[in-house]
Amino acid sequence: MRPYILAETNWKALKDESIELAVLPWGATEAHNYHLPYGTDVFEADAIAAASGKIAWEAGAKVMILPTIPFGVNTGQADIYLDINLNPSTQLAILKDIVAVLHRQGIPKLLILNSHGGNDFKTMLREIGLIYPDMFFSTCNWFQAMDKTEYFDEMGDHADEMETSLIQYLHPSLVLPLEEAGEGREKKSKISGLREGWAWSERKWSMVTQDTGIGNPKCSTPEKGERFLRDVSQKLGQLLIEIASVDIQNRYE
Ligand SMILES: [Zn+2]
């Protein structure tokens with residue numbers, strides 16, 4: 001039993017415990033090119049949360065990893081079979097209920113460990129922060145925590161070399177042979193502001209990519225996934241330690 005994983009620990013261990021930071025991993029259930037499982041974002045969130053939680057716990061930080069929420073915002077993939085969408089307003093309702101529990105029980109800090117590009121918790125945490133001004137709310141995207149060029153040859157942002165390498169390492173039996181993967185080619189917008197990245201419009205996924213992937217997975221290896229997982233978990237572990245130890249009322253210098 002890992003004492004920092006809520007799903008594994010028990011009332012005996014927790015009834016006299018005092019947790020400082022709750023970590024809520026949040027994934028999605030969606031197609032990942034032809035070759036990766038629909039649960040890819042959840043598997044990644046589970047693994048990174050557990051590994052970073054271990055680092056923080058062993059350093060003495062009172063952190064608790066909550067179960068990963070398996071569904072995310074998939075409004076742009078409405079026509080992709082069995083991509084399960086949670087609307088942002090539903091996510092806000094879920095978050096409010098979870099934060100109400102934390103507040104009632106004196107757990108002062110929350111980090112949402114986001115594992116899916118369509119999820120965006122910043123505006124929600126601004127709104128919830130007004131309701132609970134004495135608490136500390138934060139979110140991070142693990143997939144943006146590292147310089148990917150130091151780990152991978154082909155860049156992308158969905159079912160790419162990074163995600164494929166991670167799942168090859170974590171769940172090799174769930175990855176099809178790479179010959180069966182599509183090349184993850186992304187069509188670019190005809191609107192220059194969108195191409196340049198300073199204007200935004202939701203990507204209509206089925207128009208942007210044929211195989212649902214963005215980023216070519218052909219150079220993926222489990223060794224790359226293992227190395228990336230180790231380093232990203234180390235970085236996230238440090239984030240957990242810093243958040244757990246900061247004085248909320250005196251957190252700037
Ligand atoms: Zn993904």
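Read the numbers this way: they start at 1 and go in the same order the structure lists the ligands and their atoms.
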inquiry  = Report the atom name of the nearest N/O/S atom of D41 relative to the Zn ion (ligand 1).
reply    = OD1
query = Out of the N/O/S atoms in E163, what is the name of the one closest to the Zn ion (ligand 1)?
reply = OE2
query = Is it the case that more than 12 heavy atoms not belonging to M207 sit under 6.0 Å from its CE atom?
reply = no
Metal site the Zn ion (ligand 1): N/O/S of H158 inside 2.8 Å = no
ask   = Will you find, in the side chains of D211 and H35, an N or O donor that is under 3.5 Å from an N or O acceptor?
value = no
ask   = Looking at F137 versus F121, is the centre-to-centre ring distance below 6.0 Å?
value = no
key: Pi-cation contact, W57 with K62 (under 6.0 Å, within 45°)   = yes
